[in-house]
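Read through the structure below, which is laid out as structure tokens, and then see the notes.
Both counts, for ligands and for their atoms, begin at 1 and track the order of listing.
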Amino acid sequence: MAEKATEEIAAGYATTGAAIELGTVYLDGKTDPSARVRIPLAMLNRHGLVAGATGTGKTKTLQNLAEQLSSAGVPVVMADIKGDLSGLSRPGTSNDRITARAAEVGDDWAPTAFPVEFLSLGEKGSAVPIRATLTQFGPILLSKVLGLNETQESTLGLIFHWADQRQLPLLDTKDLRSVIQHLTSDEGKADLKGIGGVSSATAGVILRALVNLEAQGGEKFFGEPELDPNDLMKVVDGKGVISLLELSEEQTNPKLFSTFLMWLLAELFEHLPEAGDLDKPKLVFFFDEAHLLFSDASKAFLDRIEQTVKLIRSKGVGVFFCTQLPTDIPNDVLSQLGARVQHALRAFTPDDQKALARTVKTYPTTPHYKLDEALTSLGIGEAIVTVLSERGAPTPVAWARLRAPRSLMAAIGADEIRAAAQGSPLYGKYGETVDRESAYEKLTAKIAEAPPPEAPVERPPEVPRPEKEEAGMVEQIFSNPAVKSFLRSAASAAGREITRGLFGTRRR
Ligand SMILES: Nc1ncnc2c1ncn2[C@@H]1O[C@H](COP(=O)(O)OP(=O)(O)OP(=O)(O)O)[C@@H](O)[C@H]1O
Ligand SMILES: [Mg+2]
């Protein structure tokens, strides 16, 4: 009976092409090494979710996925929030538990190390610091970082536009600060009026938020050299390079970190051409602690995440979100995640129980498991899984015993990370900031007092105030045809077409 059911479930995971091996089907207290649970590589651009309570095996699942992607020649970008993914760079150590698990899940386990680049977001500590200029980062993501409301967000958009138009490079926070200071000063009054719709009070709020960010050390991330997205897409000796973003101890604001991750995804999105359906993805991106990205996000910001996730698929990029509860992810995003690896959930509090009931509802029905019971009784390194088959249909729900990672299941420590990073060619490229002439110097030299000769200042057209605040003012303002044509003519008058993508990042 159980054998037949196991076979039936496993049949749903049969593939003709290459696949990630997650583990094997577990049913009625038994697991059959030949009943494989896997995700076809060709379906990884249909995205996924890894969820579960703390300590249930989420990070090890990410480690597993990253290892097999790397072996398949697919580069990986992932955040290493707790530092424990750094073990990917070292072979694992065998012990009785590992050997037993390998036998159980039919895995020819062997200790293996993978090529890893250790990156940090601007922190010059141990990993290679990567940076963005503010011009590149754009006003939308910066608004999220600064915690601005919709009105302030739209104001920041106009300030960026003013600088873009004058070819004032906003390299770091100092540059933006000097632009805002100029606009709110006596000599900048006329410029401020020219922008239209910017009150100096709002500009003042933005300035304070910026100063706070600097006080928290958030300014280190902004500057040159800018990251080249090609550096995240490397394959060495046939293995995809795993780029790990280390969260340093000084980085006290994980929310900031998650917005920077979104920037990375937006950069990749802008950088990559359309690719159509591929045998395997060009890159897979893992968003750990994904709840940080979604909490307190504006409707416009959430819409953009949804859009990016939807569109990046055709560029051959897979996105995996990792979080404690699937209910942390907005429904519009959740419904686009083809693979689900759900580790154990807790059902202690009424809130837990609600989340459990909602999670059960997101699964296809299964005659083989009672999902609410299964989800609360999963062991460590086990998960309730459903993915997309090669045909794009949801596979049968499987309780899976998962494989053990082949690399080290522990952190390697700051000294080892430093040694690895300093030995990387990327260190020479990104290790030191460069300081070129930017808005700060230009404004200090009072160049900005007169508009560039070939760029006559044109007043932007009046835009009716949107009625619904939460609809995303920036979006509404920038999608107004009159404003669009103004932006186009302004940009070409300035002799340089700065266009901004879905997330307001600069198009290359
Ligand atoms: N697939 C697996 N194979 C072998 N051991 C595992 C596996 N998954 C988890 N474990 C064991 O369980 C421990 C906790 O797993 P992990 O660190 O992945 O949990 P987590 O869900 O990421 O927790 P947190 O939310 O605290 O980050 C691991 O250190 C390891 O000992
Ligand atoms: Mg973890």
Side-chain angles (χ1 to χ4, degrees), residues 20-26 31 33 36-39 48-69 71 76 78-88 90-112 114 242 244-247 254 257-258 261 286-293 320-329 339-348 352 355 359 375-385 387 398-413:
I20 301 276
E21 298 282 349
L22 284 174
T24 53
V25 178
Y26 179 81
T31 170
R36 300 298 177 88
V37 175
R38 38 164 94 91
I39 316 177
L49 173 73
V50 176
T54 178
T56 54
K58 296 183 298 296
T59 302
K60 300 304 167 260
T61 294
L62 298 190
Q63 191 168 350
N64 254 320
L65 288 167
E67 290 180 352
Q68 294 188 47
L69 284 165
S71 296
V76 168
M78 64 203 315
D80 187 17
I81 307 261
K82 292 188 179 151
D84 43 357
L85 285 166
S86 57
L88 275 160
R90 286 293 154 76
T93 43
S94 182
N95 58 38
D96 293 348
R97 292 224 310 278
I98 299 259
T99 341
R101 190 178 276 256
E104 219 183 317
V105 301
D107 178 13
D108 53 349
W109 193 95
T112 317
F114 296 83
I242 302 168
L244 283 186
L245 282 141
E246 299 296 323
L247 181 67
F257 187 75
S258 70
L261 287 182
F286 291 90
F287 251 116
D288 206 356
E289 305 286 337
H291 64 280
L292 295 169
L293 188 67
F320 273 71
F321 293 96
C322 184
T323 186
Q324 295 211 0
L325 289 172
T327 46
D328 294 336
I329 314 266
R340 301 282 177 86
V341 182
Q342 175 68 60
H343 291 269
L345 284 174
R346 305 278 169 249
F348 299 144
D352 290 346
T359 305
L375 284 167
T376 47
S377 42
L378 288 162
I380 290 172
E382 295 177 356
I384 296 294
V385 177
V387 306
W399 178 325
R401 282 279 283 167
L402 303 172
R403 289 189 170 203
R406 296 179 175 209
S407 55
L408 192 68
M409 284 203 271
I412 62 169

Check your understanding: Any salt bridge between Arg406 and Asp107, counting N to O under 4.0 Å?
Key -> yes
Practice item. Using heavy atoms and a cut-off under 4.0 Å, could you grab the residues that are in contact with ligand 1, chain by chain, numbers ascending? Key: Ala53, Thr54, Gly55, Thr56, Gly57, Lys58, Thr59, Lys60, Lys82, Arg101, Ile380, Gly381, Arg403, Ala404, Met409
Revision key, fill the gap. Those residues at least two apart in sequence (or on a different chain) that pass side chain to side chain contact (heavy atoms under 4.5 Å, CB included) with Thr59 are Asp84, Leu85
Practice item. Evaluate the criterion side chain to side chain contact (heavy atoms under 4.5 Å, CB included) for residue pair Asp352 and Leu345; output intermediate values, then yes/no. Key: CA-CA 8 Å; Asp352 290 346; Leu345 284 174; over 6 Å; no
Check your understanding: Around the Mg ion (ligand 2), how many protein N, O or S atoms are there at under 2.8 Å?
Key -> 1
Study note, to complete from the structure: So CD of Glu246 and CG of Asp80: to nearest 0.5 Å the spacing works out to 4.0 Å
Review point. Yes or no on side chain to side chain contact (heavy atoms under 4.5 Å, CB included) for Leu88 and Met78, after CA distance, side-chain angles and deciding distance?
Key: CA-CA 11 Å; Leu88 275 160; Met78 64 203 315; 4.2 Å; yes
Check your understanding: In terms of side-chain heavy atoms, does Ser407 have a donor or acceptor partner in Gln63 at a distance below 3.5 Å?
Key -> yes
Point to revise | Non-neighbouring partners of Thr24 that pass side-chain hydrogen bond (donor to acceptor under 3.5 Å, both in side chains), sequence neighbours left out | key: Thr31
Exercise for review: Return yes when atom CG of Asp96 has more than 12 non-hydrogen atoms of other residues, nucleotides or ligands closer than 6.0 Å, and no otherwise.
Suggested key: no
Practice item. For the residue pair Phe287 and Phe321, categorise the inter-ring angle as parallel (less than 30°), tilted (30 to 60°) or perpendicular (more than 60°). Key: parallel
